[in-house]
Amino acid sequence: MTSGQAPKRFFGTEVEYGIVCPADPNVSPILTSTQAVIAFAHAQEETLSGRIRWDYAPESPLRDSRGFDLRRYHQTPVVDPNAIGAANLLVENGARFYVDHAHPEYSAPETASALEATIADRAGDAIMLRAAKLAGEAVDAEGNTGPELKIYRNNVDGKGASYGTHENYLFRRDTDFDDIVAGLTPFFVTRQIFTGAGRVGLGQKGQTPGFQISQRADYIETEVSLETTLNRGIINTRDEPHASEAWRRLHVIIGDANMSEVATFLKLGTTGLVLDAIEDGVRFDDLKLRNPVEAVHQVSRDLTCREKLQLDDHVTWMSALEIQYEYLARVESYDDDGAVVKRWREVLDLLADDPRKAGHLLDWVAKLNLMEGLRSRAGIGWEHPKLALIDIQYSDIDPARGLYHALVRRGSMETLVSDEDVARAISFAPESTRAYLRGGIIRRFGKDVIAGSWTSLIVDVSGTYRRTRAADAPGVELVKISLDEVDRLTAADCGKVLEEADTIGEVVDFLRGLGVVGQ
């Protein structure tokens with residue numbers, strides 16, 4: 001590969017939402033999360049199939065990129081699709097919507113650009129909002145309606161717990177993982193200055209009054225780790241590509257839950273460019289930080305973005321801004337259309353001039369400006385509960401209530417994605433990856449789909465399963481469609497057949513010719 005020639009990059013996001021029942025704040029979030037996902041499942045059951053089960057067999061969350069595997073048991077696939085819960089869904093846009101621990105989680109479909117990924121990510125908010133509404137409208141056997149649920153796109157519960165907003169990027173397996181660590185650690189430490197969502201309180205429980213740039217910073221405890229819920233690392237080592245073994249998946253857990261579309265776009269786009277450069281042999285060893293975990297916390301608390309961080313040579317000191325400018329200079333040739341680099345430079349220049357000027361683009365600055373306005377008017381300190389209220393209200397995904405959405409309506413926050421883009425992304429999968437076939441089959445022939453995952457679908461071509469809902473019924477003919485190659489089975493590859501077919505059998509016959517169907 002020649003310098004400046006970017007490899008094909010694939011992106012995905014995962015958002016764990018904060019969920020609250022105002023009528024009963026002490027109710028288990030596991031229960032309310034399940035109610036929301038099941039309500040969404042029931043709503044799509046007639047047109048699609050709320051009983052498509054998630055196939056866990058291909059998953060290996062304990063395999064480590066450093067060369068070992070911590071799997072303690074093997075999960076076998078569930079045979080009876082009616083025996084599993086409905087709180088784990090494949091959605092017609094190619095996404096996964098399920099309950100993860102105590103939170104509803106939306107895992108967006110695979111995309112081939114940062115902008116596509118931003119659109120798919122934003123569709124998740126709309127799906128989550130719809131699920132919460134459906135849960136409130138659900139009527140039980142006694143005629144009682146469900147609880148009102150409020151949904152927040154944030155990373156902290158104010159009680160010491162943090163939940164994730166993760167990014168995923170495929171990169172070539174022949175890339176030395178040590179180069180990934182060396183190249184991305186200083187980048188992740190310092191990119192907070194534009195990816196941070198802003199947070200009232202310092203420390204995991206917010207026990208010290210103040211404001212910081214990132215919601216996740218206080219929960220980063222080590223440099224490199226396989227864990228995602230404790231001992232969280234700057235670099236996560238999970239080796240679970242959800243694709244052919246030619247790839248590894250970089251699972252990023254250090255990012256914040258952004259409301260700003262510009263911040264989401266930059267978070268994804270800049271990281272993709274740094275990966276492009278690393279795969280092309282560009283080195284970043286000279287930017288190694290002496291104390292990277294300490295630096296994560298320092299950058300988050302530096303609202304000027306100018307405090308110096310000591311590099312590993314013990315001599316050089318650079319600010320987060322200076323390190324980001326250095327990354328920009330080294331990777332800008334990998335941005336084919338220049339859209340990411342243009343935004344990146346714009347944001348860095350604003351932060352270098354005066355961080356408060358970036359409030360129309362970045363979450364932490366917009367939130368800080370709102371709070372400083374109130375502090376100035378009311379003469380209150382950072383410990384005042386009204387500031388914590390602003391913090392949570394900013395992340396409310398309901399356009400009628402959320403402060404972020406109020407800023408958008410006022411023209412005070414710039415957006416990248418149109419309402420039409422989001423509306424389409426709710427029902428239609430991205431056309432540039434395998435997600436197109438996964439989502440398209442569910443959209444058109446959902447009742448013929450028994451199970452699925454990122455890498456496969458199991459469908460019944462006989463039509464018997466549609467009537468009996470039993471995988472072992474006489475006459476049921478099951479076939480497995482392989483989705484191992486992320487860049488295959490796109491709209492260009494199979495769109496005409498998928499959209500014009502009258503039965504799933506016609507689609508399967510076509511896919512047999514492509515060599516992706518097995519028994």
Side-chain angles (χ1 to χ4, degrees), residues 16-27 29 32 103 125 128-129 132 147-163 165 192-219 256-260 263 297 299-305 354-414:
E16 294 179 43
Y17 291 89
I19 186 167
V20 174
C21 177
D24 186 2
N26 294 319
V27 69
T32 53
H103 300 273
D125 286 2
M128 186 66 247
L129 192 61
E148 177 193 9
L149 301 176
K150 288 190 176 183
I151 309 296
Y152 300 101
R153 188 181 174 99
N154 65 354
N155 299 112
V156 293
D157 68 354
K159 303 172 185 177
S162 178
Y163 32 98
T165 300
Q192 297 176 77
I193 61 176
F194 55 82
T195 66
R199 180 189 172 199
V200 172
L202 309 179
Q204 290 192 357
K205 295 183 179 180
Q207 62 270 25
T208 302
F211 182 89
Q212 60 179 310
I213 290 173
S214 169
Q215 296 206 349
R216 286 288 270 182
D218 286 336
Y219 300 88
D256 279 17
N258 292 113
M259 297 296 292
S260 164
H297 305 151
V299 170
S300 184
R301 287 160 171 73
D302 173 22
L303 306 185
T304 71
C305 306
D354 178 359
R356 297 287 294 271
K357 293 182 178 179
H360 62 299
L361 300 175
L362 304 182
D363 287 316
W364 75 267
V365 183
K367 191 181 288 185
L368 178 62
N369 288 345
L370 287 171
M371 293 179 182
E372 289 289 23
L374 178 60
R375 275 165 41 84
S376 176
R377 293 190 303 272
I380 57 178
W382 282 110
E383 72 284 352
H384 200 285
K386 285 186 177 180
L387 299 177
L389 185 61
I390 290 175
D391 200 346
I392 190 69
Q393 286 179 335
Y394 183 91
S395 62
D396 191 329
I397 68 171
D398 188 341
R401 297 187 302 220
L403 290 181
Y404 162 80
H405 291 286
L407 292 177
V408 171
R409 287 193 298 273
R410 275 177 17 194
S412 300
M413 179 65 75
E414 189 170 335

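Side-chain contact of S214 with D256: a donor-acceptor pair under 3.5 Å is present, judged by distance alone. Between the side chains of N154 and Y163, at least one donor N or O sits under 3.5 Å from an acceptor N or O.
The side-chain heavy atoms of L370 and L407, taken from C-beta on, include a pair separated by under 4.5 Å. Side-chain contact between L403 and D396 is absent, with no heavy-atom pair separated by less than 4.5 Å. Looking at Q215 and D391, their side chains come closer than 4.5 Å, going by heavy atoms from C-beta outward. Proximity of Y404 to K367: side-chain heavy atoms (C-beta onward) are nowhere separated by under 4.5 Å. Side chains of W364 and L303 form a contact here, defined as non-hydrogen atoms less than 4.5 Å apart.
Distance alone, capped at 3.5 Å, is enough to place a donor-acceptor pair between the D363 side chain and the M259 backbone. Counting only distance, with no hydrogens or angles, the side chain of Y394 and the backbone of G402 share no donor-acceptor pair below 3.5 Å. Checked by atom type and distance alone, the side chain of R377 pairs as donor or acceptor with a backbone atom of G373 at under 3.5 Å. Distance alone, capped at 3.5 Å, places no donor-acceptor pair between the R356 side chain and the V365 backbone. Put simply, the side chain of S162 gets close to the backbone of N155: a donor and an acceptor are under 3.5 Å apart. S260 places a side-chain N or O within donor-acceptor distance of the main-chain N or O of L361, the cut-off being under 3.5 Å. In terms of modelled atom types and a separation under 3.5 Å, the side chain of R409 and the main chain of P399 share a donor-acceptor contact. Panel note: side chain H297, backbone A217; a donor-acceptor pair is recorded below 3.5 Å. With hydrogens and angles disregarded, a donor-acceptor distance shorter than 3.5 Å links the side chain of Y219 to the backbone of Q204.
Within the model, atoms CG of D125 and CG of D398 stand 11.0 Å from one another, a figure rounded to the nearest 0.5 Å. The NZ atom of K150 sits 11.0 Å away from atom OG of S395, with the distance rounded to the nearest 0.5 Å. Rounding to the nearest 0.5 Å gives a distance of 13.0 Å between OH of Y152 and CG of D157. Expressed to the nearest 0.5 Å, how far CE of M128 lies from CD1 of I151 amounts to 4.0 Å.
A salt bridge between D218 and R199 is present, with a side-chain N of the basic residue lying under 4.0 Å from a carboxylate O of the acidic one.
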